[in-house]
Amino acid sequence: MSRLALGGGGGGGSTSKDGGGGGVGVFDITPHKIAVCHLIQVFAPPAQQAVPFPFQSIAQHNRLGLFLFSLTRSCEDFLEPPLEELINQLKAVGGLVTNWLSEHLRSSLLALSSPDDLFNFFDKLRVVLAAPEVANVEDDQIFLDPNSHLGIFLRCCILAFNLLTFEGVCHLLTNLGAYCNSTDSTYELPEDDDFNNESEMHDLLDVFDKYGHEYGSETHLGESSSLHLHAPKSACNFDEDNNFTEDNLGILRSRWQVEGYLNAQADFLEKDANSFPLNSFNAVLMQLQKIAPDFHRVQYLQYLNALHHDDYISASDNLHCYFDYSAGMEGLFSRSSSPPSDILLGRYETALLCLGTMHCHFGHSKKALEALTEAVRVSQQNNDDSCLAYTLAAISNLLSEIGISSTVGIIGSPYSFGTSTGLGTPLSTQQQLLVLLKRSLRRADSLKLISLLAFNHLALAKFDLKHVKRPLLSFGPKSSTRLRTCPVDVCKELWLSSNVLTEFGSDGLSLSNDNGAFSTSWLKNLANATSPWLKNSQKSRHSLINDFDVFQFHAQPSPVPGSVLQLTGASYLLRATAWEHYGSAPLVRMNALVYVTCFADAASSSELSLAYAKLIQQLAVFKGYSEAFIALKLAEEKFQSVSRSCIQLLRLQLLHERALHRGHLQIAGQVCDEFGALASSVSGVDMDLKTEASLRHARTLLASNQFSEAAAVANSLFCTCYKYNMQIENATVLLLLAEIHKKSGNAVLGLPYALASLSFCKSFNLDLLEASATLTLAELWLSLGSNHAKRASSLVHRSLPMILGHGGLELRARANIVVAKCYLSDPNFSISEDPYVVLDPLSQAAEELQILEYHEMAAEAFYLMALVYNNLGMFEEREEAAASFRKHAIALENPQDEENPLTCGV
Amino acid sequence: MTFRENYRNELRAAIRQLSDRCLYSAAKWTAELLVGIDPDAPPSSSSGASASRATPYSSSSGTGGGRTLHLHRHREGSTSRRRIRSGAVDVISTPLAGVSYVSTPIPDDGDGFDGSGDAYLLAKSYFDCREYRRAAHVLRGQAGRKAVFLRCYALYMAGEKRKEEEMIELEGPLGKCNAMNSELASLERELSTFRRTGAIDSFGLYLYGIILRDKGCESLATSILVESVNSYPWNWSAWSELLSLCTTSDILNNLNIKNHWMKDFFLANAYQELKMHEEALRRYECLMGVFRFSDYIQAQIATVQYSMRELDDAEVIFEELLRTDPYRVDSMDIYSNLLYAKESLSSLSFLAHRVFLTDKYRPESCCIIANYYSLKGQHEKSVLYFRRALKLNRKYLSAWTLMGHEYVEMKNTPAAIDAYRRAVDINPRDYRAWYGLGQTYEMMGMPFYALHYFKRSSYLQPSDARLWIAMAQCYESAPLQMLEEAIKCYTRAANCNDMEGIALHQLAKLHSILGHSEQAAFYYKKDLERMEAEERQGSNMIEALLFLAKHCKAMERFDEAEVYCTRLLDYTGPEKETAKTILRGLKIAQSGYPLMDVDHFAP
C-alpha cells in the first residue's frame, strides 16, 4: 500500500481556515509572467532613447505597451496561455520587429536553465524600475514609473520571486522548461503505443540525472502534446471543445484575473444562457475547481449554470455547497470586502436570499416565500440591513410576478408581513407589496444601495402603473382619495430609477467597472485580426452578443458598468410599456428604439427580444401583417438560439390576429390551442399569459359566432382577473363582453359592460382603450336605433382625436365606419348635400382594412360605399364598390389560404 | 483438518511473495491472518514460530516472531470465552449457502532468479530504505515480471513521495493542490502495453489498477483490480482498493469475482461500508470459524456492532483486543468513539495514554486524544488534535465530522459548517455530516434552510428515527409551523423504532392540536403502552392519561375514562384535581341523573 509505505509524513496541506498563512502572497510567479516581464524589459530598457533599439516608430512601441497592459488585465480565461499563443499575439501586434522580438523572447527564456539564471534575470529586472538619476534625465528618455500598472506588475513579480523558497524556484524552473518546450511538441504526433519503452526509459532517466526536475516535466509534455492537436487555445471556446482540460501547465492567472473571468462568465450566463451548453461549461468549472479548490466562487457559477439550464437538483446542491464553504462572506452584492472580524458569524441570510430567488426562478412560489421570510428573519437578527433591503425587494418581486390571490394561506405564520409592518389589520397582497417596496426603498436609500434603489423605483413605477393607491388604514378618518392611477407618479419613479446612471459611483459598482473587459476584448480582436480562419466561427458568436466587441476595438471602454446600463435600459423598456398602456404609439416606438439602440449591449437576450417584440407589434398594428412578418423573420434569426418565448409569443399573436381578420377560424382555433399549451401550468404560472390565452379564446369563439360560449369564457376570465386584482385586464375583458353582446344583437346588455370598461379605463388612464370603449359605446347606441345617432355621433367625435392620432389601422377604420354610419342613420342628414362627409371616411377605412386583410369589415365598408353611390346615382362607382364587396365577402366565406401557418414558416 | 493446513500454506506463500515485492501492508495483513487460524492439531507454538521462520525475506522477521509468541501466550487464557462467542458458528466452516470455493493455484515464484537476482536484491534493499528512484534505476532493462513490477512500483512510490512533497510546496494563494504523481502517465502507458501483450502478472495488474484509479478512470480500474484479485486473491491491498471503488451496492453486485475464501473478507468489509450491517456480521462470524484468533475479524465485528449501536458487546471485544495486542492502534478510534458514547472518561484517558505512547503521529491516535478532550469539555484542545489528525490524513472522514461537532460546541458555526461540508465532499453518503449541517443551520434559526440537509441525511439513512425527528422538529418550529409535514415525519420516525419515544408523543400532541382527536387518542394510547413497557413515569404519562380520560369521556366510553382517571389519581398536582372533576362528571353522566351524595363523599 502506497500510503502506508510512505509513512505518516504525507497528507500535507491544511484546512482553509488556517488563517490563510500562505495565502497572503501577492501572486504566483509563473513562466508566463516571466515572459511578460521579459517583454516589459524590452519595452522599457533602462536609459534608452525615445524609440529603443528594436522599434522603428513610436506607434509600434506604444502598441507593444498596450499589448502588455492588456495581457496583465485580460479576463478571457482562467489559465495562462502557452508560449505559442503569446508569440502569435505578439506577431499580431505588428511588424517585422515582433518577429525578432518573439525569437528573442524564446531564446532568452530557453537560456534560463539554472536557478542562478533566474536570480540574475530578476536582478536585471530591478534595474528597469530604478529611477534614473535626476542629473542626466533627458526629455525623451523613457523609464518605467514604478507606480504605473506595468511597474506594479513588475514589482509584484520581483517580490513574488523573492518570497519563493528554493523548492519554489526549482518548480518555477521545471515549469519554465515545459512552457518553452510546449511549442515544439505542438506539431509532434503523439507517440505510438508500441514505442520502445526500455530505451525511452533509459533516456528519460539520463535526462533526469542531469537536470533533476526536468524529468517530471517531460511526462507532462507527453500528455499535453496529444491534446495540443485538437485546437489552438484561442479557438476553443467552451461550446466547441471539452477536452482542453489538461492543456498547458494548468497555471492559474492572478486571483484578480480569475475573479474577473468568473464575473464575466456570470454576466454572459445571465444574459444569454443558451450559448452555454450545460455540461461543457461545467467541465470548465470543474477544471478550475480542481486547480483552485479554495476558490468557492466557482461553485456559485456552477449554481448559476445549473439554474439557467433548469437543472433543479444540481442548482440546489451547488447553492448549498457554495454557502457552506463561503459562509456568505465572499460578498455577492457588497463587493467591498467585509471586515474579517465578523467571520465567526457568517452571513447565511444571503444563502436564504439566493435560495428564495432560486425557488422563485423554478416557480416554487411557496418555498420561495418560506425561504425569503426566513431570510428576513435572519437578516433582522444579524443586523444585515442591505441583505434585508434586497430580500424585501425579492419578496415584492415574487408577489408581483406570481399570481397569488392572498398570502394568508401561504405565509400563514405569525411572522407574516401584515403584522410585521405594525398595522394590525391583514392587508391584501397588493397592499403588502406596496408596503414591502416602500420599506425596501427606504432602506436602500439610507444604505446608499444605488442599484437596489433604481430597481425599487422601477418596481414602484410598475406598481403605480397598474394599481390604484388606496389608503392602508381601513379605519379612522378617511381622507378623500381619487381612485385613479397617477401617470405623473409613474414618470417620476421612472425618472428616479434612471438616476442610477449618474450616481453609480457610490454603490461599489464603480469597482466592477474596471473589470478588464476592455483588455479582454482588445486581445480578442487581436486574435480575430490575425487568424482569418477563425473569423467564421467567431462571427456566429458575435451575432449573438451584439457588435460590442467590434465597437470596442477602437473605442474607449464604456465608463458605465453593465449592471447600471441594464437597470437604466429596463427603465426605458418600462417606459415603452407604460406608454403602451396610456396609448401613445409614437412614445412606445421611441422608447423601444432607444432601448434597442443604446442598451442592447447590456441587455439580456430576453429583454432585448421583448423590445423587438414591441416594435414588431407596433409595425403590425400600423403597417399591416406583411411588414410585421418580414420583421419577425429577421428577429427570429437574431434570437435563434435564445429561448424564444417572447418572439414565439409574438408570432402566435400575429398569426392569431391575422387569422381572425382573414376569417380563418380553423387556424385561429389552432393558434388558440398553442396559446393554451404555452399557458399551461407545467412550467410555472404566468398570469399574463393565462389571461391572454383565454382572452384570445373568447375572441375566437366570438368570431365564429358562438356568443354564449364566448361570454362564458370572458366571464370566467373576468372572475380570475378580479380575484388576482388585475384591473387593467379587467377593462379589456369588460370591453370584450360589450363587443360580444353587441355582436349577438343584445345592445342593451352590452351597454353596462361598455360603461364599466370605460370607467376602468378612466381610473387607470388607459386613454387609447378608453377611446376604443367609447367607440364601442357609440356602436351600441347606434344599434339601438336611429334616434340615438346624435348621441353616438357626439361620442365618436369626442374620441376621434385620440383614435386618429394614436390608434392602429383597425381602430381607425372602425371609427371611420362608425362616423359614416352615424351620418347615414341620422334622419336629418341628407347625403346629396355633402357626400364626401361620408365617402371620405369610408374610403379611408376601406383602404386601411385592405392592408389589414380584414375581410369582414372591409366588406362592410364597401357595402356602405355602394349604398351611398347608389343613392347619389353614381352607378359606375357603385359597381366598383359592389365588386370589391363581393370579393371580400367571398374571401370571408371560403378562406382559400389552405397552408397551415403553424407548421410552415409564416 | 486439512483445509486449515491448506489455508496456512497459501498464506505462508502469500506472505513471502508479497513482502518479496515490497507490498508490506498486504503482507502484514496476511501474516496477521495466518496466526489467526484456529489450530486444529494440539496447539503448537512451534507452528507459529515455523511460520515466522519460514519467511526469510520478511523485513521484520525477528520482531514478528516474538510478537507471535507473545500473542499466543495471552490467547490461551482467553480462548474459552471466544469459544462461547463463536460457538454457534463453529460448525459452519464451509462457505455460506453451499458455495464452493475455487481453489486458486499458488503461483510459482521462480521468476528469473539466476543472473538478475542480485540486481533485484539490491533494488529491494534500496526500496526498503525508501530510495525509490535508485531502486528503479537498478532494475532498468530487466525483463522478468518481478523486476518489472518492482521497477514500476518503485517509480510509482517515487512519484507519490514527490507528490506529497509538492502538495506542501505548492500551496499557492488559492490553496491549489493540483500536484499529480508525475509518473502516472508513463507508467500507465507501459503497463497497458504489458497488459495487451499478456506480459503482466497479478501484481502488475494491481499496480495498473491503482494507477488508473489515480488517473480517474474508475470503471477500468475496477475491472483491472478484479482481474488481479481473480488471479491472485491473497493481495489484501488489491481487495481494499477494489473496496474503495465500490461506492454503491450496484457496483458491488456487478463485480465478477471468483469464489475464494478471500472474497468473504472483501464482501464482509464491503457490506460494512455500505451499511448492510447484518450481512457483514454474518460473513464475519462465518469467517471466525476458520480464523478464530484473527484480531482483524474481531475488530471488524466490534466496529459493525458499534455502528449497530450494540455498545456493550463491542466494548467487550475491544477490551479483549487490547489485552491481546496492547500496541494496537488500528480501529482503536472506533473504540474511543464507543467510550465517548458511553461517557467512560477513565477508560478513554487510559486508551489515549496508551496510543500516545505507542505512536502519537497516527491519525487514529490524534483522534482518540481529541475524543478525550471533547468528553472533558475542552473543545479547543479537541479541535487542535482533530486538526492534527486531518493533517496526517486529509481524507479522514470521521475526524472531519467530529471536528464539526466540536465547532458546534464552540458556537463557531461557519467553521463547523465548513468541516461538515468537507466530510460530505469526501463521502457524499455520510449521513452524520449531513445531519450535522442541518443541525447547525437549525441552531442558527434557519429551519427552512436546514430542511434541505435533513432531507439528504434521512434519504441516506431512512431507518434512523433521529433524522426523521430532527426534520419533524424543523417543520414544527415556530417560523414554519408546517404541522402536516411534521406529522408525516414523526410517523416515519415512529415506524423506525424510535428509542426515546419522542415521535409517538409528538404525534399525539400534533394530532390533538389539529383537532384529529381519534388519531391523537390512538397515539397517546400507543405512547402509554410504550411507557408502561419501559416502566417510565413523568409528565408525558400524565398528559397522555389526561387526554385519554377526556377523550373517552367525550366519546362516551365511560368505563375506559374511569380507568384513566383512577390512574391519574396516583399523581399529585393539578391533574389530580382535574381527574376528580372528570370522575364526578362521569358518575353523573353514567347514572343519567345528578347524584348529589358523590359530592359529600368526595375527600
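The pair A:Asp317-B:Arg456 meets the salt-bridge criterion, with a side-chain N (NZ, NE, NH1 or NH2) lying under 4.0 Å from an Asp/Glu carboxylate O.
Of the listed residues (B:Pro447, B:Pro363, B:Ala419), the greatest number of heavy-atom pairs within a distance under 4.5 Å of chain A belongs to B:Pro447. Counting heavy-atom pairs under 4.5 Å between each of B:Tyr453, B:Tyr396, B:Trp236, B:Tyr420 and chain A puts B:Tyr453 at the top.
Using a 4.5 Å cut-off between heavy atoms, B:Leu437 contacts chain A through its side chain alone, with no backbone atom that close. Interface residue B:Asp425: only side-chain heavy atoms are found under 4.5 Å from chain A.
At a cut-off of 3.5 Å, with distance as the only test, no side-chain donor of A:Tyr325 or B:Arg421 sits close to an acceptor on the other residue. A side-chain donor from one of B:Tyr156 and B:Asp214 sits under 3.5 Å from a side-chain acceptor of the other. A side-chain donor-acceptor contact under 3.5 Å links B:Asn181 and B:Glu160.
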